[in-house]
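These notes concern the structure reproduced below.
Within every chain, numbering begins at 1; the chains are lettered A, B, ... in the order of the sequence lines, protein sequences first and strands thereafter. FYI, side chains are in, hydrogens and waters are out, and symmetry mates aren't considered; it's all heavy atoms of this structure.
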2 protein chains.
Amino acid sequence: MTTATEILQPVELDLEALLLDLRSLIGAGHPILQAAAEHLFSAGGKRLRPGIVLLISRALTSEKELPLKHRKLAQITEMIHTASLVHDDVVDEADTRRGVETVHSRFDPRIAVLAGDFLFAQASWHLANLENLEVVKLLSRVIMDLAEGEIKQGLNRFDSSQSFESYLEKSYCKTASLIANSSKAIGVLSNVDQESLNSLYFFGRQLGLAFQVVDDILDFTGNDEQLGKPAASDLQSGYLTAPVFYALEENPSLSELINGKFSQKDDLDQALSLVRDSSAIKKSRELAEQFASESKDSISWLPDSPSKKALLELPEFVISRLY
Amino acid sequence: MTTATEILQPVELDLEALLLDLRSLIGAGHPILQAAAEHLFSAGGKRLRPGIVLLISRALTSEKELPLKHRKLAQITEMIHTASLVHDDVVDEADTRRGVETVHSRFDPRIAVLAGDFLFAQASWHLANLENLEVVKLLSRVIMDLAEGEIKQGLNRFDSSQSFESYLEKSYCKTASLIANSSKAIGVLSNVDQESLNSLYFFGRQLGLAFQVVDDILDFTGNDEQLGKPAASDLQSGYLTAPVFYALEENPSLSELINGKFSQKDDLDQALSLVRDSSAIKKSRELAEQFASESKDSISWLPDSPSKKALLELPEFVISRLY
């Protein structure tokens, strides 16, 4: 199986330089933030988001050295992503992420709030200094989507009456918006035409949705070690995802268990069996594969290059995590 | 004594409309945020920051209806201010502000993180849609200053070796930057020349510093009821402010009490007496008065109007809180 590191090979050096920059930027003069930054930017994380931005930038130019603004945009993407993770972990009271302690659990929720605010602030400052109003709009929309996604998620716990559509909206806000809008933004900085911008946006959107649905499937099919967090933690926390919606169609009785917040001893196990024994996982896989395939098809117009090849492999990689 | 409400009279209707807008914007569709917004935008608060923006806008035009972008900028100013307060209260673990329970204490720290993020996100989205890159830069600089100020404050607790300059820098970041940059930004939107922009910035900067020094004096001279929080809470929390620096010059022994974090029974009372019995309060007053006077002088060029008169009264109002 191709790994993320292998796929990101055409931008490996760009990504290394970017992470080095990020750590010195954030750590400068603030010992506590330095520690949080080391913790955040050394352990784990495939850096897919800045990787995608850099790959698109490389796919659109034959220059050896990428323009500074392109590299900055990739960095901003990672800052926004990391800031939102740090605050999400506070809101969700998560102790681990990808098997690593979260900032608020390793340090303190107050440090996590500060670190996230500092990252958001740095992102918005660097964003303004890209000197491109359209890019500012795209990325500030992402910041708003991330906040709305977190609120939507928090408000709809243990509520089986919510629609599949609201789940997709939440997934767009929390995962796809950043990839879609940063893919489009690097197109803006590369001066491509409107049709190409739309297809870059669609590429990122469908890739992000595929990524989210795969994550949601793995929560039911993976074990604690593979996930870096307890398995089935989404359902246990009351977050309804694609497999649950499909299972609800086949077994309406599942809704009582959910609305009851799994208050009886075996409720959660029963609910998990209802999901796992239905065709929900299969249907969710088909949905993820559809998103991945749409993502791949939308960038066929890019000129051939190692970076284009890598971008085409990304949707496949996302799906390969299921097998 | 003139009240803030009296000074803001020329923009009273603008401010009312602005608050109504803010509450509906933030509450729309999110019951928890609605509650937090009601809590934040109904109780207390003199709305000085958007008031200053609106007064400058009115002082620069004779139009009856202010342009939409000017009103939006005032709203963004209040959003950023409120967002930073909500997160600061989480970081500082404050239970009350202006005598009212804080969001994280009334609701939950997680709701406070969400509400602050949502406000920051809304601010950056509306900011981008002002379609003015210079204004985006000025306000994103504010967001960065606010985060840096909070970090500076958090890192320098109980450290008597820090400089008076670092205190002023922290005060600039936490209080003056927003007023200075939003005053300049409304000048940018009003198309005034560079010299006028600089003087608007200076007006806001010195007003903000005066405001902060007065606040810091009141922490030593006010009682719990006047302050809406426990008196002398700054020193108790290890935050060193203007009066403490002046007192340290007269009584170097104060530093031992501070560095020892007031660990002995009477240490804090002793430290408070050292500050109150020195000429520290008098010197701090003179500093605040100097800032206020510089603020006032810098906008003499504005054409005469009720709004200009109000702007000139603001520095006096800030100082009048001391008497």
Can you tell me how far CE of A:M144 sits from NE2 of B:H126, rounded to the nearest 0.5 angstrom?
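Nearest 0.5 Å value for the NE2-CE distance: 6.0 Å.
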Atom pair CG (B:L139) and OG (A:S124), whose distance is rounded to the nearest 0.5 Å:
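Going from CG on B:L139 over to OG on A:S124, the span is 9.5 Å.
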Report which part of B:N132 has an atom under 4.5 Å of a heavy atom belonging to chain A: side chain, backbone, both, or neither.
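Contact with chain A involves the backbone of B:N132 alone.
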Is it the backbone or the side chain of B:E131 that comes under 4.5 Å from a heavy atom of chain A, or both, or neither?
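For B:E131, the contact with chain A is made by backbone and side chain together.
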If every non-hydrogen atom of A:F118 is compared with every non-hydrogen atom of B:E148, which pair is closest and at what distance?
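Where A:F118 meets B:E148 most closely, the heavy atoms are CE1-CG, 3.8 Å.
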Where is the tightest heavy-atom contact between B:K137 and A:W125, given as atom of each residue plus distance?
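Closest heavy-atom pair between B:K137 and A:W125: O-CZ3, 3.8 Å.
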Could you go step by step and tell me if A:R110 and B:H87 meet the side chain to side chain contact (heavy atoms under 4.5 Å, CB included) rule?
CA-CA 9 Å; A:R110 298 155 62 219; B:H87 280 188; over 6 Å; no
Which one wins on heavy-atom pair count under 4.5 Å against chain B: A:N129, A:L146, A:L114?
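When all of A:N129, A:L146, A:L114 are compared, A:L114 has the most.
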Evaluate B:V91 against A:I111 for side chain to side chain contact (heavy atoms under 4.5 Å, CB included), listing each step before the verdict.
CA-CA 7 Å; B:V91 173; A:I111 300 295; over 6 Å; no
Option among B:V113, B:D117, B:I143, B:D88 that satisfies the side-chain contact (heavy atoms from CB on, under 4.5 Å) test with A:D117:
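So the option named by the test is B:D117.
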